[in-house]
Amino acid sequence: SRAVVRKHNNIRDITDSLIEQSLEKKEASTAAQIPNKKIVNLVNDLFGAGFDTVTTALSWCLMYLVTYPDIQKRIQAELDQTIGRERRPRLSDQGTLPYTEAFILEMFRHSSFLPFTIPHSTTRDTVLNGYYIPKGRCVFINQWQVNHDEKLWKNPHVFNPERFLNAKGTEVNKEDGEKVLVFGLGKRRCIGEFIARRQVFLFLTTLLQQLEFSVRDGRKVDMTPRYGLAIKHKRCEHFQVKQRFPMASLS
Ligand code: HEM
């Protein structure tokens with residue numbers, strides 16, 4: 001890819017830009033260049049924070065979809081009705097698929113796959129909501145608790161996308177959507193939230209427009225969480241995928 005970047009002077013994305021930076025260094029060194037060590041850190045941050053999170057989100061989406069086939073059918077009906085089968089979903093479809101968007105919110109809330117934020121530290125003695133926290137104390141947010149708080153959510157342990165919809169099911173309640181805590185809070189909250197929400201929306205709608213997911217022989221998937229920085233599920237051996245209609249008709 002170095003050759004491609006050099007030959008065509010064609011910067012397509014952040015990877016090309018970082019490769020160009022590392023190439024230029026050999027030729028002329030200017031003050032504006034990013035040191036190699038920083039490039040390595042940037043790539044690590046983007047892979048660590050950007051890929052594992054979005055793939056974990058999609059993976060939990062699939063687990064919920066095969067566990068609740070009626071929910072999957074309802075999302076597909078919404079996709080068929082709003083987007084149809086002649087074109088692929090686009091980012092501009094965001095805001096037109098309330099049930100699908102409610103499902104994504106409920107996946108974030110119910111799985112709470114990043115149960116805690118990254119640990120931070122207080123820089124001075126402070127008081128938060130009446131609690132005294134001394135300087136230098138490790139603090140992080142228990143997102144899972146907020147997302148399962150009985151005071152905030154009715155039957156928090158039940159997976160129910162409709163909790164985010166108005167009575168007619170035509171709109172997502174913005175206030176309820178904002179109560180879901182998955183990207184942290186404050187100064188160090190996730191900087192990738194905008195792109196992450198868009199990626200999950202686009203990948204999920206593209207998959208569900210064309211494919212139907214299920215488990216072999218009516219088995220159930222094992223949703224038992226495996227704890228870690230991100231909560232994962234066990235590897236599922238009996239997943240199956242069926243094409244919903246011939247791909248050739250899609251442009
Ligand atoms: C569904 C996907 C994602 C979720 C749930 C998520 C969630 C989070 C959370 C909880 C934090 C810690 C916030 C805190 O400590 O208060 C965080 C930090 C961060 N995220 Fe994300 N994230 C996602 C996707 C992404 C993507 C796609 C990128 C980059 C393209 C990204 C880049 C970052 C970075 C750089 C930080 C550190 C920010 C800092 O320390 O100032 N994230 N994310």
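All values below come from the heavy atoms of this structure, side chains included, with hydrogens, waters and symmetry mates left out. Indexing begins at 1, ligand by ligand and atom by atom, following the structure's order.
Contacts with ligand 1 closer than 4.0 Å are made by no heavy atom of Q199, backbone or side chain. Of all the heavy atoms of F140, none lies under 4.0 Å from any atom of ligand 1, so neither backbone nor side chain is involved. If you look at L114 next to ligand 1, the close heavy atoms, those under 4.0 Å, all belong to the side chain.
Annotation: L91, atom CG; neighbour count of heavy atoms from other residues, nucleotides and ligands within 6.0 Å is above 12.
Relative orientation of the Y64 and W60 rings is tilted, given thresholds of 30° and 60° on the angle between their planes. Taking the six-membered ring where the residue is Trp, H157 and W144 present tilted rings, their angle falling between 30° and 60°.
Which of I14, I118, L181 comes nearest to atom 12 (C) of ligand 1 through a heavy atom is settled by distance: it is I118. Of the candidates R197, Q143, R198, R188, it is R188 that places a heavy atom closest to atom 38 (C) of ligand 1. Nearest-heavy-atom check against atom 10 (C) of ligand 1 across V182, V54, I104 picks out V182. Remark: among candidates K187, M107, H120, the nearest residue to atom 15 (O) of ligand 1 is H120, based on non-hydrogen atoms.
If you check the side chains of T100 and E78, you find a donor sitting under 3.5 Å from an acceptor.
Using a 4.0 Å cut-off between a side-chain N of Lys or Arg and a carboxylate O of Asp or Glu, D52 and K232 qualify as a salt bridge. The existence of a salt bridge linking E101 and R197 is excluded, since no basic side-chain nitrogen approaches an acidic carboxylate oxygen closer than 4.0 Å.
No N or O atom of F113 sits closer than 3.5 Å to an N or O atom of ligand 1.
Atom CG in D125 sits 10.0 Å away from atom CD1 in I133 (nearest 0.5 Å).
Closer than 2.8 Å to atom 21 (Fe) of ligand 1 sit the protein N, O or S atoms C190 SG.
Close to ligand 1: F108, with a non-hydrogen atom less than 4.0 angstrom away.
In this structure, R189 is not positioned above the aromatic face of F183 in the sense of NZ or CZ being under 6.0 Å from the six-membered ring centre and within 45° of the axis.
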